[in-house]
Protein chains: 2
Amino acid sequence: MEADTLELESFLPYRLYRLADAVSREFSRVYKGRHGLTRPEWRTLAGLGQHGTMTATALGEQSAMHKTKVSRAVAELERRRWLTRKPDEKDRRVEHLTLTNAGLAAYREMVPLAKAFERELLSKLSAGERVAIAEGLAALEAALGR
Amino acid sequence: MEADTLELESFLPYRLYRLADAVSREFSRVYKGRHGLTRPEWRTLAGLGQHGTMTATALGEQSAMHKTKVSRAVAELERRRWLTRKPDEKDRRVEHLTLTNAGLAAYREMVPLAKAFERELLSKLSAGERVAIAEGLAALEAALGR
DNA sequence: TTTCGATAGTTACAAACGAAACCAATTTGG
DNA sequence: CCAAATTGGTTTCGTTTGTAACTATCGAAA
């Protein structure tokens, strides 16, 4: 490789982005196809399903979304009556979000699909490759988390 | 972990996306800050810098961009006079794109910055972790490339 | 208290995006 | 040959996004 050339195919930011984009696009067919959810909506559903009641801020931190995305996703899920808001007693800026039964039902339906998707994807790797990707991602996450 | 719950933090599509988003956002400051480029524009520049003359279709394949993104990026780089189009002799639908001297200069300026960015990021990993991420990404790429 | 700075969440606006329609040129196959 | 399907590339339109401004509330400090 020449010194003054960048090989895009092996450039880490590009590889990561392309891979994430492909995987994410593939997976989005699951929740988009099933319920017409956007990614922020899916993540909101997943966050609340996993943790029960949360605030919008907590949701944003857990699922790495900007607060405007959270705000819009919450508004949409509320419109669908998949979640309800309850104002905090102490601090009236804060709202506690909880899935309704309908929301919970959708979540419970999605979980096995998500797990199957992941399993399917990982099944194409060898055991050693699975270890490698897990370790590599964890290392990068740690490196960025500072 | 309960069987009917999905742990978002360890869900592969989510981890990949979050990581790519963080890295990409960080790196975008390099080309956005330096020249006000968008990501498709940067990739177009990188593609042409790496390969010399290319068609729009080839660019899209090499850098994994939808053809509308390519079309818009090319239009903008042309507006900046960073590239020129030359119609194909044989097939008049095709255009061959080449960086001008100005475009080449910008590319040459970006390459070391990109390399430094990647080096900096990887320097936070151990040698073993670097091997792991390389191997893991390659395995996933291979798994998806079908 | 009153005021000033932070924080929770929403909204407005412009930029970026994707899907699909579109145009023009080319290839295919009857 | 000629109609139909394909391909390279652009445009249009509605949706999603990010930035920044905004509202409302709270906590701290004077």
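In what follows, chains are A, B, ... by sequence order, proteins preceding strands, each numbered from 1.
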Report task. May I ask you to decide if Ser63(A)'s main-chain N or O and Arg43(A)'s side chain share a donor-acceptor pair within less than 3.5 Å? Result -> yes
Requested in this report: Kindly say if Arg92(A) contacts the phosphate of dC26(D), meaning a side-chain N or O under 4.0 Å from OP1 or OP2.
Outcome: yes
Report task. Answer with yes or no whether Arg93(B) presents, from its side chain, a donor or acceptor under 3.5 Å of a partner atom in the base of dT7(D). Result -> yes
Return a table of donor-acceptor pairs under 3.5 angstrom between the side chains of residues 100-112 of chain A and protein atoms on other chains or two or more places apart.
from: Thr100(A); atom 1: OG1; to: Arg81(A); atom 2: O; distance (Å): 2.8
from: Thr100(A); atom 1: OG1; to: Trp82(A); atom 2: O; distance (Å): 3.3
from: Thr100(A); atom 1: OG1; to: Ala102(A); atom 2: N; distance (Å): 3.3
from: Thr100(A); atom 1: OG1; to: Gly103(A); atom 2: N; distance (Å): 3.1
from: Tyr107(A); atom 1: OH; to: Leu6(B); atom 2: N; distance (Å): 3.0
from: Glu109(A); atom 1: OE1; to: His35(A); atom 2: NE2; distance (Å): 3.4
from: Glu109(A); atom 1: OE2; to: Arg34(A); atom 2: NE; distance (Å): 2.5
from: Glu109(A); atom 1: OE2; to: Arg34(A); atom 2: NH2; distance (Å): 2.8

**Report entry** Spacing between Asp88(B) atom CG and dT7(D) atom C1', to the nearest angstrom
**Finding:** 13 Å
Query raised in the report: Can you tell me how far C1' of dT10(D) sits from CG of Leu59(B), to the nearest Å?
Result: 16 Å
Query - N/O donor-acceptor pair under 3.5 Å between Ser28(B) side chain and Arg25(B) backbone - result: yes
Report task. Take Leu77(A) and Leu48(A) through the test side chain to side chain contact (heavy atoms under 4.5 Å, CB included) and record every step on the way to the result. Result -> CA-CA 11 Å; Leu77(A) 294 190; Leu48(A) 293 179; 5.5 Å; no
Query raised in the report: Can you tell me how far P of dG9(C) sits from CG of Asp91(A), to the nearest Å?
Result: 9 Å
Query raised in the report: Can you tell me if Ser24(A) and Arg39(A) form a side-chain donor-acceptor pair at under 3.5 Å?
Result: yes
Query raised in the report: Within less than 4.0 Å of OP1 or OP2 of dA8(C), is there a side-chain N or O belonging to Arg85(A)?
Result: no
Requested in this report: Using whole Å, report how far CG of Leu97(B) lies from P of dG8(D).
Outcome: 13 Å
Query raised in the report: Please give, in whole Å, the distance from dG9(C) C1' to Lys86(A) NZ?
Result: 18 Å
Query - Atom pair distance, as rounded to whole Å: NZ in Lys90(A) and P in dG27(D) - result: 10 Å
**Report entry** Rounded distance (Å) that lies between atom C1' of dG9(C) and atom CD of Glu95(A)
**Finding:** 7 Å
Query - Cluster link Leu137(A) to Leu19(A), ILVMFWY, side chain under 4.5 Å - result: yes
Report task. Compute whether any side-chain donor of one residue and acceptor of the other, for Thr98(A) and Thr53(A), lie under 3.5 angstrom apart. Result -> yes
Query raised in the report: Taking CD from Glu89(A) and C1' from dC26(D), how many angstroms apart are they, rounded to a whole number?
Result: 16 Å
Query raised in the report: Below 4.0 angstrom from OP1 or OP2 of dG18(C), is there any side-chain N or O of Arg25(A)?
Result: yes
Query - Interface residues of residues 61-77 of chain A with DNA chain C (non-hydrogen, below 4.0 angstrom) - result: Lys67(A), Thr68(A), Ser71(A), Arg72(A)
